[in-house]
Amino acid sequence: MPGAFDVSREQLAGLLAGEPRFRTEQVWRGIWERGDLPQDMTDLPRSLRERLRALLVPALEEVSRWTSSDHRTTKWLWRLADGARVETVLMLYPDRATVCISSQAGCAMGCSFCATGQAGFARHLSAGEIVEQVAVARREALPRRLGNVVFMGMGEPLANYDRTWAAVERIHANLGISARHITVSTVGVVPGIRRLAQEALPVNLAVSLHAARDELRNRIVPLNRRYPLSVLMGACAEYLAAKNRRLSFEWALIAGVNDTERDAAELAELALPLRAHVNLIPLNPTPGYAGRGTAATGAASFRDELARRGVNATVRANRGTDIDAACGQLAAGQPPAAAGSLRPPAAAGALRVAH
Ligand code: SAH
Ligand code: SF4
């Protein structure tokens with residue numbers, strides 16, 4: 001049984017054979033323009049709604065949902081039809097929202113500092129499973145507009161290229177979030193970056209760098225042994241030349257590992273020629289990695305050192321650390337350590353755990 005967001009228009013027409021023709025368009029628009037599932041389509045006759053409910057099942061079954069103590073970050077844990085688990089994070093800002101989505105259950109890239117990498121790889125997500133995360137978040141964000149989609153949840157999107165790209169196309173064409181507001185984050189899958197450069201839609205590219213010399217990057221990002229920095233920077237240059245979108249480098253600041261003046265100098269050498277923007281994120285704690293995040297003062301001096309060398313850099317605020325929803329903390333396993341101390345959000349009812 002395909003999930004609602006995996007069904008093509010033709011398949012939908014087949015499912016609705018025997019119904020008046022306009023129903024296909026009506027249901028299609030219900031799914032794509034409103035992000036509705038059949039049970040929400042109150043403009044359909046009840047019998048048809050019931051029939052569709054059995055045919056167009058949601059791909060994501062909510063296992064749990066946590067909301068941060070400031071109510072601005074929500075994390076869902078989903079169970080997929082085969083039991084695989086993934087997480088999605090919605091971040092609210094005063095007048096808009098951003099969703100951080102997963103492209104795989106787990107990840108095979110094995111970055112030592114990342115909770116998803118520590119858990120290993122389960123499987124790729126389908127395009128519909130990716131898109132449905134956006135549709136759910138879009139509804140949840142209302143009345144705010146869901147303005148941005150970032151592939152910074154679980155998994156390596158460019159290791160699941162075809163489904164990721166099919167999802168991007170649908171999010172752009174059908175969910176009203178243009179490619180310019182979609183960011184694909186990669187640890188450096190060079191063939192994927194090259195393919196991305198050939199696509200018609202211009203998405204933003206974020207490259208998770210974390211180290212700007214091979215010897216160090218080999219240790220913290222194993223994929224670097226396959227695609228060393230010189231090759232990776234070549235692919236970034238190709239992307240830039242083809243798309244002219246802003247390139248960003250992600251850098252998890254790890255105390256004493258990649259936060260020294262030398263690291264800033266090496267990073268500046270890579271970032272300057274590509275006019276890359278650097279996002280600095282003090283490392284978030286994960287169970288399987290002993291390193292610590294750089295303290296706020298150290299992060300600020302690293303940023304200043306980059307600025308002195310002409311590189312634009314921002315220290316990113318950590319969102320949702322108290323519910324393990326921050327970058328690199330998604331493991332889709334245990335409830336967050338601090339979950340018991342959370343207050344329920346004012347509007348949405350309760351902190352819902354494992355119903
Ligand atoms: N696989 C892709 C996208 C998912 S990871 C990638 O690696 O880019 C999303 C971001 O979280 C990446 O920039 C990743 O490097 C970062 N990240 C992983 N673990 C982290 C941690 N413990 N603290 C801070 N950022 C982390
Ligand atoms: Fe995978 Fe990205 Fe985590 Fe590395 S940082 S293990 S590529 S999800």
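Order of appearance sets the numbers: ligands from 1, and atoms from 1 within every ligand. When reading the values below, keep in mind they use all heavy atoms of this one structure, side chains included, and skip hydrogens, waters and symmetry mates.
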Using modelled atom types only, decide if a donor and an acceptor are shared between the side chain of [X] and the backbone of [Y] within a distance under 3.5 Å.
X	Y	value
T164	P157	yes
R51	L15	yes
S102	Q104	no
K75	S68	no
R170	F5	yes
E269	A265	no

Identity and distance of the protein heavy atom lying nearest [atom]:
atom	value
atom 23 (N) of ligand 1	N284 N, 2.9 Å
atom 4 (C) of ligand 1	G153 O, 3.2 Å
atom 26 (C) of ligand 1	C327 O, 3.6 Å
atom 12 (C) of ligand 1	S208 OG, 3.2 Å
atom 20 (C) of ligand 1	G328 CA, 3.3 Å
atom 9 (C) of ligand 1	M152 O, 3.4 Å

For ligand 1, which atoms sit closer than 4.0 Å to a heavy atom of [X]?
X	result
F151	3 (C)
T186	6 (C), 8 (O)
T286	22 (N)
E250	13 (O)
G155	1 (N), 2 (C), 3 (C), 4 (C)

Under 2.8 Å from atom 3 (Fe) of ligand 2, the protein N, O or S atoms, given as residue and atom: C114 SG
Close approach, H210 and ligand 1, non-hydrogen under 4.0 angstrom: yes
Ligand 1 contact by G293, heavy-atom criterion under 4.0 angstrom: no
Approximate separation, where rounding is to 0.5 Å, of L330 CG and M152 CE: 12.0 Å
Exercise: do S301 and D304 side chains pair donor with acceptor under 3.5 Å: no
side-chain contact (heavy atoms from CB on, under 4.5 Å) partners of A122, counting only residues at least two apart: A105
Hey, are [X] and [Y] close enough for a salt bridge, meaning a charged N less than 4.0 Å from a carboxylate O?
X	Y	answer
R195	D162	yes
D214	R225	no
E50	R46	no
E140	R65	yes

Contact check: F113 vs ligand 1, nitrogen or oxygen atoms, below 3.5 angstrom: yes
